[in-house]
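Okay, structure first, notes after.
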Amino acid sequence: HYSLRGEIAPFLITRATRILLPYWAVLLLSSFVAHHFYSMPATIPQAYPWLLGLWQGPGAQDLRAQFMFSQTSYLPQGWTLGVEWTCSILLPFMLLAANNGVLYLALFVFLYLMSFGLNMIWLVSFALGIAMAMRLQTIQQYMGPISLRKKYAILLTGLLILDVNTIARYIGMASPSMKGYLMSNVAIITTVGASLVISCVLVSRRIQDMLRHKVLLFYGRISYSLYL
């Protein structure tokens, strides 16, 4: 059970503090540098073209549009924060739907995508993660008795699916249309691969111990993306 004051509001405030405030700070700094330093004469030695091309995209001067990720000209990598912030807002409602059943969660995601556009297909990945968390015991009961060899086979299959870009490149040599299909559905395909990997990790103590190795954890504390 969730309440606005008890859980939802503190969660959104925490997410805003973590996502929006650092983003806004770097955005303002980038705006300052773009306005005051990029009008200078060419440097000696000359800067690389990719550096000179930063902050020069269409609408780069419209700072208000970039405050909530509708544009990310100053910080191109900021689009990931836009995804994270949108999901942070939707997460309480997705959990509320999932509490009533996975079908309610699927219906919520379907209606949201139909209302706001299928270009937000990454929402399916978040929803599948919630569904797996809500059905953790079911996954463990189903996959627990499976032999270790089969678990590793499922794990390898998931990892191969995650590398859909490489698969599409080789398939494209024989069937360009198939390559196009794979690349146009890469978000869904990688979600399936990730779900297979996560399922194996949840039911295999050996795989969990491998991921908890002190060398991997050392890199994970420095960069979670590198750990992944």
Side-chain angles (χ1 to χ4, degrees), residues 1-2 7 11 14-15 18-19 80-81 83-88 90-110 113 120-171 178-179 181-228:
H1 301 284
Y2 300 98
E7 289 83 23
F11 169 77
T14 301
R15 298 302 294 167
R18 177 180 175 182
I19 298 173
T80 60
L81 296 178
V83 171
E84 189 173 354
W85 175 242
T86 302
C87 280
S88 296
L90 293 176
L91 184 60
F93 302 99
M94 295 171 69
L95 289 172
L96 184 63
N99 278 336
N100 294 296
V102 175
L103 290 179
Y104 285 91
L105 175 62
L107 179 62
F108 175 85
V109 172
F110 174 78
L113 292 177
M120 302 177 68
I121 201 66
W122 42 262
L123 192 64
V124 176
S125 302
F126 282 79
L128 183 57
I130 292 175
M132 293 181 67
M134 301 295 290
R135 295 293 181 264
L136 176 59
Q137 291 184 346
T138 303
I139 294 174
Q140 291 175 333
Q141 291 174 359
Y142 177 76
M143 295 194 62
I146 296 178
S147 66
L148 184 61
R149 180 177 297 179
K150 291 182 178 179
K151 290 177 183 176
Y152 277 117
I154 296 173
L155 177 65
L156 179 60
T157 301
L159 292 173
L160 289 174
I161 293 175
L162 281 173
D163 194 20
V164 64
N165 289 327
T166 301
I167 296 175
R169 184 166 65 249
Y170 284 105
I171 290 180
M178 187 62 181
K179 177 182 179 180
Y181 175 80
L182 292 175
M183 297 308 298
S184 62
N185 294 279
V186 65
I188 297 297
I189 295 173
T190 53
T191 296
V192 173
S195 65
L196 292 176
V197 173
I198 293 173
S199 297
C200 290
V201 172
L202 290 175
V203 299
S204 175
R205 184 61 59 87
R206 291 188 180 183
I207 298 176
Q208 292 177 21
D209 291 339
M210 289 169 55
L211 296 176
R212 291 194 186 104
H213 192 279
K214 59 183 180 180
V215 174
L216 293 178
L217 293 181
F218 170 77
Y219 286 110
R221 293 187 182 100
I222 298 174
S223 170
Y224 186 54
S225 299
L226 180 61
Y227 173 82
L228 292 177

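Every value quoted in this text rests on a predicted model; they were computed, and no experiment measured them. Just so it is clear, the values below take in all heavy atoms, side chains as well, and ignore hydrogens, waters and symmetry mates.
By the 4.5 Å heavy-atom criterion applied to side chains, L182 and V186 are not counted as neighbours. M183 has its side chain within reach of N165: a pair of non-hydrogen atoms, C-beta onward, lies under 4.5 Å apart. For the pair V124/L113, a side-chain contact is recorded, criterion being any heavy-atom separation below 4.5 Å from C-beta on. For the pair M210 and L216, the minimum side-chain heavy-atom distance is 4.5 Å or more. Considering only heavy atoms from C-beta on, N99 comes within 4.5 Å of M134 through its side chain.
Around the CG atom of L107, the shell of radius 6.0 Å holds more than 12 heavy atoms that belong to other residues, nucleotides or ligands. The local environment of CZ in F93 is sparse, with at most 12 non-hydrogen atoms from other residues, nucleotides or ligands closer than 6.0 Å.
By the 4.0 Å N-to-carboxylate-O rule, R206 lies too far from D209 to be salt-bridged with it.
Expressed to the nearest 0.5 Å, how far CZ of R15 lies from CH2 of W85 amounts to 8.5 Å. Between the CD1 atom in I130 and the CG atom in L95 there is a gap of 4.5 Å [rounded to 0.5 Å]. Interatomic distance, CG of L217 versus NZ of K214, reported as 11.0 Å (0.5 Å rounding). Interatomic distance, I161 CD1 to T191 OG1, rounded to the nearest 0.5 Å: 11.0 Å. Note that the CD1 atom of I171 and the CE atom of M178 stand 5.5 Å from one another [nearest 0.5 Å]. Here the CG-CG distance, from L123 to L91, works out to 10.0 Å after rounding to the nearest 0.5 Å.
Judged by distance alone, with hydrogens and angles left aside, the side-chain atoms of S204 form no donor-acceptor pair with the main-chain N or O of C200 at under 3.5 Å. Without hydrogens or angle criteria, N100 side chain to L96 main chain gives a donor-acceptor distance under 3.5 Å.
Between V109 and A127, the shortest heavy-atom contact is CG2-CB, 3.6 Å.
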Step by step, would you call L90 with F126 a side chain to side chain contact (heavy atoms under 4.5 Å, CB included)?
CA-CA 10 Å; L90 293 176; F126 282 79; over 6 Å; no
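None of Q140, M143, K151 except one satisfies the side chain to side chain contact (heavy atoms under 4.5 Å, CB included) rule with S199; the exception is M143.
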